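Just the heavy atoms: all of them, side chains too, but no hydrogens, waters or symmetry mates, feed the values below. Numbering starts at 1 and runs along the sequence shown. Because the structure is predicted, anything quoted here is derived from the model rather than measured.
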Amino acid sequence: MNTDQRYLTLLSNSYPNVASASTEIINLEAILNLPKGTEHFLADLHGEHEAFQHVIKNASGNIKRKVSEIFGNTIRESEKKELCTLIYYPEQKLELVKAMEEDMNDWYHITIHQLVKVCRDVSSKYTRSKVRKSLPDDFGYIIEELLHERSDDHDKAAYVAVIVDTIISTGRADDFIIAICNVIHRLAIDQLHILGDIYDRGPGAHIIMDTLLQYHAWDIQWGNHDILWMGAAAGNDACICNVLRLSLRYANLITLEDGYGINLLPLATFALETYGDDPCQEFIPKLLKGNKMDEKTLQLTAKMHKAISVIQFKQEADIFHRRPEWLMEDRCLLECIDFDKRSCTIGGVSYDMRSCHFPTVDPHNPSAMTAEEAELMKKLHHSFRVSEKLRKHIHSLLRHGCMFNVCNQNLLFHASIPLNDDGSLKQVEILGRQYVGKELMEYTGQLIRAAFQNDTPSELKAFARDYFLYLWCGKDSPLFDKSKMATFERYFLTDQETFREEKGNYFKLRDSAEVCDRILDAFNVKGPNRHIINGHVPVHASKGENPIKAGGRLMVIDGGFSEAYHSETGIAGYTLIYHSRGFQLVQHEPFTSTQDAILRGTDIKSTMQIVEMSTHRMLVADTDKGAELRTQIAELKDLLYAYRHGIIKEK
């Protein structure tokens, strides 16, 4: 007996006798031999809520694939498409069907039987207990009966037929169809992994978060844009400015105003008063597809954009001077402007400026806030801090998230692991101590959480709040890992050479199998088929770049979900499916709209690439969950031994 007797005594409260412990051992042994559940990996969603929700509903084409396998040539392709659309959008599709279908009873009979077949297939890799927990209260018993009774069994055919007839005759067919479609969504994917960057650029980050709050099993490895919003919610004013600046840059204020109730009227008033005569040409927002603006609104947005950008540079300078150990004081570029010569000196080189109109900048103290700017920041700070919905969403990111995750021989993180020039793991100093690799990621995660905890010592909490800015734009940040963030240069300097941001060593060396193996070793990822999976840097598929790198050890699944990247990448994102047969990489074309998907049955056009197939079908026994279950089985066997030898008394 290897298990501590005190633990066994506690375990005996749950399994009070030989019979209950034996039953649980039998149950767990059976679960080990079920097929591995399907994992779904997405990265860099950037507020594209419609595309995200569609990919979630179709499980990156997994449901479409199952429908094709189940029905083969027994129904037409158009009927398969109609069935898939119904599964994705049951409420909306039902309304369309009822407006066009002449014999709804016949349609209900056919469709319910088809949906039961799909549901039976997606539930086949789970225990009855797990499936039961996924069923809605209203129809749980009925769905369970239909899943486990077959209409081709002559003895039960009448029983099944009566169930379906009664569902229709009692007027519950619509509700039943919606319920079973939702069960299919839930069982098609066992675990959803988000590899960072829910926020910025697109209009619906808050809608994505609302969707995730209702999702059955998900985790997130925080991205740099998530960290920026988390910093804003924690009260970092430089992060608040960056969040506002990015939203104004892409003329996307829906998440701020409609999603989180952030009051932008004080910023608009200040911008008009301060930059009323300034054309703010460098700050005209980038309008994405479908985002129309009249000239007056465009000009106001540009003025607000410039106003918050100037305040951002001042707020960042305040933190950089307060934290000289970060070696970022050279980024206080308002202090490098020669207002007479209309130039800016960086690294000893003088560069011409596009414009030099800074009515709120004192040439003798450039980073000082004016009284009006300070008052504006006070109002904006308050607006972010009191947003209940933002607080709820950030709490969910903290609860479901971390800097990295190791799951089933896969190391997941958003961007990078800081490396030296030779590919060895780089030491990064935080609060006077050196951290490297796994330890760096773990301590960074602790710092992030410390900023939100009431019992954090005040000095540490102040540092943790400041550190969000370093994570956003610091050279050795695992979420940034570049030489600089050239925001100021892009807005104000004419020499485009100053725009260049040199990527860190991880991005230069990640094609090396040796480097990837070194990182995997550092994070104790074992097994012959181990991988790194991350996003952050879009893969330029249109230029022939391969998302599979380092001999298959690294998979980069940022293909540009955001519309802002489509022209750059040539596609609209990658997602990754890891089922019991192996890995499938899915390359998506741009999503048109939810309305198109419902009315015309248009799906995201996706290309599947088999990355790695297993020689045998993977079982739960082959996963991390399997290792946990084997430990539980061993403990239960020790409990049986203790019962049978009188060490612990049965109850």
Checklist entry - Do His185 and Ile87 have side chains that get closer than 4.5 Å, going by heavy atoms? => result yes

Next on the checklist: If you compare all heavy atoms of Ala43 against all heavy atoms of Ile557, which two are closest, and at what distance to 0.1 Å?
Outcome noted: CB-CG1, 3.8 Å

Item to check | Partner of Pro136 by side chain to side chain contact (heavy atoms under 4.5 Å, CB included), out of Asn182, Ile143, Asp175, Ile180 | outcome: Ile143

Checklist outcome for this item: Closest heavy-atom pair, Ile63 versus Ile184, reported as atoms and distance to 0.1 Å, is CD1-CG2, 4.1 Å

Item to check | Sequence neighbours excluded - side-chain hydrogen bond (donor to acceptor under 3.5 Å, both in side chains) pairs with any residue from residues 390-407 | outcome: Asp210-His393, Tyr260-His393

Checklist entry - Say you draw a straight line from OG1 of Thr255 to CG of Asp200; how long is it, rounded to the nearest 0.5 Å? => result 8.5 Å

Checklist entry - Does some side-chain heavy atom of Val18 sit less than 4.5 Å from a side-chain heavy atom of Glu650? => result yes

Checklist outcome for this item: The side-chain hydrogen bond (donor to acceptor under 3.5 Å, both in side chains) partner of Thr38 among Lys125, Gln191, Gln584, His579 is Lys125

Item to check | Set of salt bridge (Lys or Arg N to Asp or Glu O under 4.0 Å) partners for Lys36, sequence neighbours left out | outcome: Glu39

Checklist entry - With sequence neighbours excluded, what pairs up with Lys426 under the salt bridge (Lys or Arg N to Asp or Glu O under 4.0 Å) test? => result Asp476

Item to check | Audit row: Tyr159, Glu145, side-chain hydrogen bond (donor to acceptor under 3.5 Å, both in side chains) steps and yes/no | outcome: CA-CA 10 Å; Tyr159 174 67; Glu145 286 295 293; 2.5 Å; yes

Checklist entry - Do Trp222 and His414 have side chains that get closer than 4.5 Å, going by heavy atoms? => result no

Checklist entry - Does the side chain of Val160 come within less than 4.5 Å of His113's, by heavy atoms? => result yes

Item to check | Asp197 (side chain) donor-acceptor with His46 (main chain) under 3.5 angstrom | outcome: no

Item to check | Rounded distance [0.5 Å steps], CG in Leu212 versus CD1 in Ile207 | outcome: 12.0 Å

Item to check | Nearest-0.5 Å distance that lies between atom OH in Tyr506 and atom CG in Asp481 | outcome: 9.5 Å

Checklist entry - Quick check: are there more than 12 heavy atoms from other residues, nucleotides or ligands sitting under 6.0 Å from NE2 of His216? => result yes

Item to check | More than 12 heavy atoms of other groups within 6.0 Å of Lys651 NZ | outcome: yes

Next on the checklist: Checking the side chain of Ser387 only, and the main-chain atoms of Ser383 only, is there a donor and an acceptor separated by less than 3.5 Å?
Outcome noted: no

Checklist outcome for this item: Taken in chain and number order and not counting sequence neighbours, the residues that satisfy side chain to side chain contact (heavy atoms under 4.5 Å, CB included) with Ser123 are Val131, Leu147, Leu187

Checklist entry - For Asn236, which residues count as a side chain to side chain contact (heavy atoms under 4.5 Å, CB included) partner, sequence neighbours excluded? => result Ala238, Cys239, Ile319, Arg465, Phe468, Leu469

Next on the checklist: Taking CZ in Arg128 as the centre, count heavy atoms belonging to other residues, nucleotides or ligands within less than 6.0 Å. Is the count above 12?
Outcome noted: no

Item to check | Ring centers of His536, Phe413 separated by less than 6.0 Å | outcome: no

Checklist outcome for this item: Here the pair of heavy atoms bringing Pro478 nearest to Leu471 is CD-CD2, 4.4 Å

Item to check | side-chain hydrogen bond (donor to acceptor under 3.5 Å, both in side chains) partners of residues 443-459, not counting sequence neighbours, each pair once | outcome: none

Next on the checklist: Test of understanding: with side-chain hydrogen bond (donor to acceptor under 3.5 Å, both in side chains), list the residues that count as partners of Arg644, not counting sequence neighbours.
Outcome noted: none

Checklist outcome for this item: Contacts of Lys130 meeting salt bridge (Lys or Arg N to Asp or Glu O under 4.0 Å) (sequence neighbours excluded), chain-then-number -> Asp190

Item to check | Pairwise side-chain contact, Ile168 with Ile112, heavy-atom cut-off 4.5 Å (strictly under) | outcome: yes

Checklist outcome for this item: Correct closest heavy-atom pair for Leu640 and Ala21 would be CD2-CB, 3.9 Å

Checklist entry - Within the distance-only criterion (no hydrogens, no angle test), does the side chain of Arg553 pair as donor or acceptor with the backbone N or O of Arg510 below 3.5 angstrom? => result no

Item to check | Interatomic distance, Met230 atom CE to Leu390 atom CG [nearest 0.5 angstrom] | outcome: 10.5 Å

Next on the checklist: Check whether Arg581 reaches the backbone of Arg617 with its side chain - one donor and one acceptor, N or O, closer than 3.5 Å.
Outcome noted: no

Item to check | Interatomic spacing from CG in Leu479 to CD1 in Ile448 - rounded to 0.5 Å | outcome: 7.0 Å

Checklist entry - Mind checking what makes side-chain hydrogen bond (donor to acceptor under 3.5 Å, both in side chains) contact with Glu29, not counting sequence neighbours? => result none

Item to check | Flag side-chain contact, heavy atom, 4.5 Å: Glu635 against Tyr15 | outcome: no

Item to check | Closest contact, heavy atoms only, Pro547 versus Leu585 | outcome: CG-CD2, 3.4 Å

Checklist entry - Got more than 12 heavy atoms from elsewhere within 6.0 Å of OH, Tyr215? => result yes

Next on the checklist: Any non-hydrogen side-chain atom of Leu397 less than 4.5 Å from a side-chain atom of Tyr199?
Outcome noted: yes

Checklist entry - Under the side-chain contact (heavy atoms from CB on, under 4.5 Å) criterion, do Ile417 and Phe404 qualify, and how do the steps go? => result CA-CA 10 Å; Ile417 303 296; Phe404 75 97; over 6 Å; no

Next on the checklist: Does Thr211 form a side-chain hydrogen bond (donor to acceptor under 3.5 Å, both in side chains) with His49? I'd like the steps, not just the answer.
Outcome noted: CA-CA 9 Å; Thr211 304; His49 63 285; over 6 Å; no

Item to check | Partners meeting side chain to side chain contact (heavy atoms under 4.5 Å, CB included) with Leu520 (sequence neighbours left out) | outcome: Leu411, Asp517, Val525, Arg530, Ile532

Checklist entry - Stepwise, does the side-chain hydrogen bond (donor to acceptor under 3.5 Å, both in side chains) test hold for Asp121 with Ser124? => result CA-CA 5 Å; Asp121 186 273; Ser124 62; 5.2 Å; no

Checklist entry - How long is the gap from SG on Cys407 to NZ on Lys625, to the nearest 0.5 Å? => result 11.5 Å

Item to check | Pairs satisfying side-chain hydrogen bond (donor to acceptor under 3.5 Å, both in side chains), at least one member in residues 131-140, at least two apart | outcome: Arg132-Glu144

Item to check | Heavy-atom pair with the smallest gap, counting every atom of Gly535 and Leu195 | outcome: N-CD2, 4.4 Å

Checklist entry - Can you find a heavy atom in the side chain of Asn408 that is under 4.5 Å from one in the side chain of Asp622? => result no

Next on the checklist: So, applying ring-ring contact (aromatic ring centres under 6.0 Å, His included) with His531, which one of Tyr578, Phe41, Phe523, Phe583 is it?
Outcome noted: Phe583

Item to check | Whether Phe139 and Phe176 hold their rings parallel, tilted or perpendicular, with breakpoints at 30° and 60° | outcome: perpendicular

Checklist outcome for this item: Residues at least two apart in sequence or cross-chain that pass salt bridge (Lys or Arg N to Asp or Glu O under 4.0 Å) with Glu69, listed by chain then number, are Arg65

